[in-house]
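Right, one structure below, let's go through it.
Naming: A, B, ... by sequence-line order, numbering from 1 per chain. For clarity, every value in this text was computed on a predicted model and none was experimentally measured.
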Protein chains: 2
Amino acid sequence: MKTLQMTSIDRNILTGCRFFKRLPLSTAEAILHGAALAEHEKYDSLFRQGDRIDDVFLVLSGLVRLYRVGKDGREADVGVFAKGELFGEDTMFLGYRATANAEVAENSVIARVDSRKLRQLAASDPDVAQAFIEHLCHRGKMKEDLLAQDRLLTAPQRVANYLLSQCPNGSTSFCFRLPFQKSVLAGKLGLAPEALSRAFSALRESGVSVKGRMIEIHDRHALERF
Amino acid sequence: MKTLQMTSIDRNILTGCRFFKRLPLSTAEAILHGAALAEHEKYDSLFRQGDRIDDVFLVLSGLVRLYRVGKDGREADVGVFAKGELFGEDTMFLGYRATANAEVAENSVIARVDSRKLRQLAASDPDVAQAFIEHLCHRGKMKEDLLAQDRLLTAPQRVANYLLSQCPNGSTSFCFRLPFQKSVLAGKLGLAPEALSRAFSALRESGVSVKGRMIEIHDRHALERF
DNA sequence: TTCGGTACATGACCTCGATCAATACCGCCG
DNA sequence: CGGCGGTATTGATCGAGGTCATGTACCGAA
């Protein structure tokens, strides 16, 4: 881990992301002022379940995995965060204790903002409060989606879903590159890596080709039917 | 469905529940003023996924089940709300569209508050905004718990967990009455009713007796080990 | 009391996905 | 080029839990 100076590029990434976009630029700057930047490498641990956390985290590049572990040692991802996303925000209203472990899933640059400061801002500036509320509602919906997906969908259906979520809407046939390792995708979808592999093979006959990280979808409607 | 007048008892239930408790009484009254009260019976539908919703819902008595349905028609619960709980609040920041179906799971009295009014209050009164944020964080944690439970725990473990969550802490042996039908509990835990039955039998040898809705736990430590 | 309906329990079966082990693939460095 | 380490695939096996069918206990109504 190495600390860095924040560049104007970093600022642009942050002020362009969903949470900040609805705030006046000056407010965003105020929040970001004093943020600490650090470089982390794969498998670094940012915090563990139960740790005291006094910061909110922002991903500038790379990927972070949030997960819990069962008594038997198995891990279950409860969130995966990429560039421009924010995590650790629940803890600032839950006694500043982490509800999960955070691990860097590929070399990343991560900013942290003092959560007390942010909380004070939310209390004094209605815009910030509003942005927070919308952010949390959005999060809530995503978690609901995840839960429903877990309870209703088979492995190939989850994968089909994910692929469709990456599809620029309108196009019936498209091609893209997975933004991370397949093992990470597997975790995100609540599957073992092997199950993900098999799901991809099952989708082959519905017009999905996989070569390394490159994915080609020939007929999005076939996927929707799945 | 039958509309009712709000009694002072109702007011007490509401102002005593978690969301309102951190607000000054006058603020709570302001929110509740103009709320519509109605009686619903089992299996009534309050709204369906995709419906436009202009209210936030409060359970005064009874039980409401929030669920999604898959293409195959199977249902998956994403939330179960009892007396004093609030639901439908995400939608007011998500284009006023419901993300799930709501069904009354046993005869209930339910209040609805105009969500625009509530939203305005949140924008103008920092206390309300704060209460909302805390509420949403709490919700977020609960959903995270659910997801992790789904991914890490077997059926008997989930049931053991639930029983422990009902246990007055400190006591090693206790007894209580299920607050709803077993089929509802099954849905809440993401299980088929049969699986819940089997889980209870499996727990019998760890000192859990079940007679109708009455549950007796003889040794909470045995459950924790499970 | 008997009837009928509803919740719940139990058994038999089968599907899905986890797990373990072996192999194939790919980038990397000598 | 060949060997190596991490990643992905494939096969075989197994167990958890869903589904369906049947049986039982319970409760209210007649």
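Interatomic distance, A:L63 CG to A:N107 CG, rounded to the nearest 0.5 Å: 11.0 Å. The CG atom of A:L223 sits 11.0 Å away from the NE2 atom of A:H218 when rounded to the nearest 0.5 Å. Separation of atoms CG (A:D219) and CD (A:E224) is listed at 8.5 Å; rounding is to 0.5 Å.
In the displayed structure, B:R213 atom CZ is contacted under 6.0 Å by more than 12 heavy atoms of other residues, nucleotides or ligands.
No engagement by A:K211 is indicated, since no non-hydrogen atom pair under 4.0 Å with the nucleic acid exists. Among the protein residues, B:R74 comes within range of the sugar-phosphate backbone only, with heavy atoms under 4.0 Å from sugar or phosphate atoms but none that close to a base. Using a 4.0 Å heavy-atom criterion, one finds that A:L191 contacts the sugar-phosphate atoms exclusively. Within the 4.0 angstrom heavy-atom criterion, only backbone atoms of the sugar-phosphate kind lie near A:Q181; the bases stay farther away.
Along DNA chain D, the stretch of nucleotides lying under 4.0 Å from any heavy atom of chain A spans, 5' to 3', D:dT7 to D:dA12. Reading DNA chain C from its 5' end, the first and the last nucleotide to sit under 4.0 Å from a heavy atom of chain B are C:dA7 to C:dA12.
Centroid-to-centroid, the aromatic rings of B:F47 and B:F57 come within less than 6.0 Å.
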request  = Please report the C-alpha distance between A:K143 and B:L147 in whole Å, then the side-chain angles of each, then the deciding distance to 0.1 Å, and finally whether the side-chain contact (heavy atoms from CB on, under 4.5 Å) criterion is met.
outcome  = CA-CA 8 Å; A:K143 283 188 181 154; B:L147 187 65; over 6 Å; no
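Of the options B:K141, B:H135, B:M142, B:E134, a side chain to side chain contact (heavy atoms under 4.5 Å, CB included) to B:H138 is made by B:M142 and by none of the others.
Nearer the 5' end of DNA chain C, as judged by each residue's closest nucleotide, is the contact made by B:S183, out of B:R198 and B:S183.
Summarising the geometry of B:K188 relative to B:D77, their closest heavy-atom pair is N-OD2, 3.9 Å, with the distance given to 0.1 Å.
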